[in-house]
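Single-structure report; data block below.
Both backbone and side-chain heavy atoms feed into the values below; hydrogens, waters and symmetry mates do not. Note that the numbering runs from 1 along the sequence shown for the chain.
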Amino acid sequence: MQLVFETLLEQLSLSVDEVDFHNALANAAGAFDIPAFAYLSLVSDRVTKPRLISNYHSGWASHYLRHQYERIDPVIQWARCSECPFQWGPGLGHAGISTRQQQLFDEAAEFGICCGLTIPLVDRRGGVAAMTFAADRLDPTFMRFAEQYEQALEIMAMCFHISVRRKLSGGLAVDGVSLTPREYECLQWTAKGKSAWEIGCILGIKERTAAFHLDNAKKKLGVRTKNQAVTLLATSRSSIL
């Protein structure tokens, strides 16, 4: 347990974007044989998009966000009202949910998300955040593990939440468009004439990861080429959001 926790803290300290945070959490969950996890953070304005970091099936994640299920998800509603971790699943607190909410559970189960342990996270900015460790069936072994290590998982979730809020709550803006620190960093090195391979060597990441961040930056800026993105960087007033 101590080694897993120390490794997680080290990886969180080095994380600069959602990919890094995903990998850090995936390593920790994998060490405990936890099959699925999801960190969801919502702000109170109902305009800003939810932040979801998880290893759930990509089809379910996109379906969930596209249909704005965070607004009706019973697990999120329970997290809003609870300060303590809670288990959920068939026979574990489904009483009183609506037909639409039951449909949400049924759809999630089709993607292998049947039950779990959810940890509400304190958000003093008026939003709500929660970490869920989930399984594809109501496995007594998983539930016993969740109960036995509930406190440790709660501490891990809180450390994850604090790191995400500290590093990802703000960003860098180019031409009024928000970029993640890593996207902005890769774009800066591109402006200095570095290739994706060279950027990877400089930042200690893989070439394809550097290319991934550059592609994301181009998409956000609405341009097709690196030169166009670099031009926007050079002509705009970059600022901290």
Side-chain angles (χ1 to χ4, degrees), residues 1-16 18-44 50-56 60-61 64 70 73-97 105 108-109 112-169:
M1 171 63 74
Q2 182 176 348
L3 178 60
V4 174
F5 185 70
E6 290 177 353
T7 301
L8 174 64
L9 290 181
E10 181 179 1
Q11 291 182 326
L12 291 177
S13 69
L14 298 173
S15 297
V16 296
E18 289 193 6
V19 175
D20 291 340
F21 281 102
H22 171 278
N23 292 339
L25 190 55
N27 290 338
F32 291 121
D33 292 326
I34 296 175
F37 61 82
Y39 166 82
L40 181 66
S41 177
L42 309 171
V43 296
S44 57
R51 183 185 300 281
L52 177 63
I53 301 176
S54 81
N55 69 343
Y56 286 176
W60 170 246
Y64 184 99
E70 72 279 358
D73 190 343
V75 174
I76 298 303
Q77 292 181 358
W78 297 332
R80 290 180 184 275
C81 303
S82 176
E83 296 181 356
C84 301
F86 58 87
Q87 295 184 13
W88 55 270
L92 297 174
H94 282 197
I97 66 173
F105 275 134
I113 306 164
C114 178
C115 61
L117 170 73
T118 293
I119 301 166
L121 297 163
V122 175
D123 188 331
R124 301 189 185 281
R125 300 183 186 184
V128 60
M131 176 74 79
T132 293
F133 298 103
D136 59 359
R137 64 185 185 280
L138 196 61
D139 183 356
T141 302
F142 173 79
M143 289 305 187
R144 284 196 300 270
F145 171 85
E147 185 175 353
Q148 180 179 357
Y149 292 102
E150 180 181 292
Q151 187 174 10
L153 293 174
E154 185 176 10
I155 295 172
M156 288 171 55
M158 182 56 69
C159 290
F160 186 88
H161 175 61
I162 292 172
S163 295
V164 168
R165 290 305 302 264
R166 185 175 68 246
K167 295 187 177 184
L168 301 184
S169 60

Any side-chain heavy atom of [X] within less than 4.5 Å of one from [Y]?
X	Y	result
L40	I76	yes
H22	F37	yes
Q11	D20	no
V16	F21	no

Show your working on side-chain contact (heavy atoms from CB on, under 4.5 Å) between L9 and C159 and close with a plain yes or no. CA-CA 8 Å; L9 290 181; C159 290; 3.9 Å; yes
Shortest non-hydrogen separation from L52 to A61 and the atoms involved: CD2-CB, 3.9 Å
Gap between atom [atom2] of [Y] and atom [atom1] of [X] - 0.5 Å precision:
X	Y	atom1	atom2	answer
S54	W60	OG	CH2	11.0 Å
S163	L14	OG	CG	10.5 Å
Q77	I97	CD	CD1	10.0 Å
I162	L12	CD1	CG	10.0 Å

Identify each donor-acceptor pair in which a side-chain atom of residues 113-121 lies under 3.5 Å from a protein atom, sequence neighbours left out, and give them as a table.
unit_1, atom_1, unit_2, atom_2, d
T118, OG1, W88, NE1, 2.8
T118, OG1, T132, OG1, 2.8

Step by step, would you call L8 with M156 a side-chain contact (heavy atoms from CB on, under 4.5 Å)? CA-CA 8 Å; L8 174 64; M156 288 171 55; 3.8 Å; yes
Side chain to side chain donor-acceptor pair (under 3.5 Å) with [X]: which residues, sequence neighbours excluded?
X	result
Q2	E6
D73	Y64
Y39	H161

Is it the case that the side chain of S82 and the backbone of W78 share a donor-acceptor pair, with hydrogens and angles ignored and the cut-off at 3.5 Å? no
So does E18 get a backbone contact from the side chain of N23, meaning a donor-acceptor N/O pair under 3.5 Å? no
Could you pull out all residues at least two apart from A109 that satisfy side-chain contact (heavy atoms from CB on, under 4.5 Å)?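 Expected list: none.
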Please list every donor-acceptor pair under 3.5 Å in which a side-chain atom of residues 139-155 meets a protein atom from a residue at least two apart or in another chain.
unit_1, atom_1, unit_2, atom_2, d
D139, OD1, T141, N, 3.0

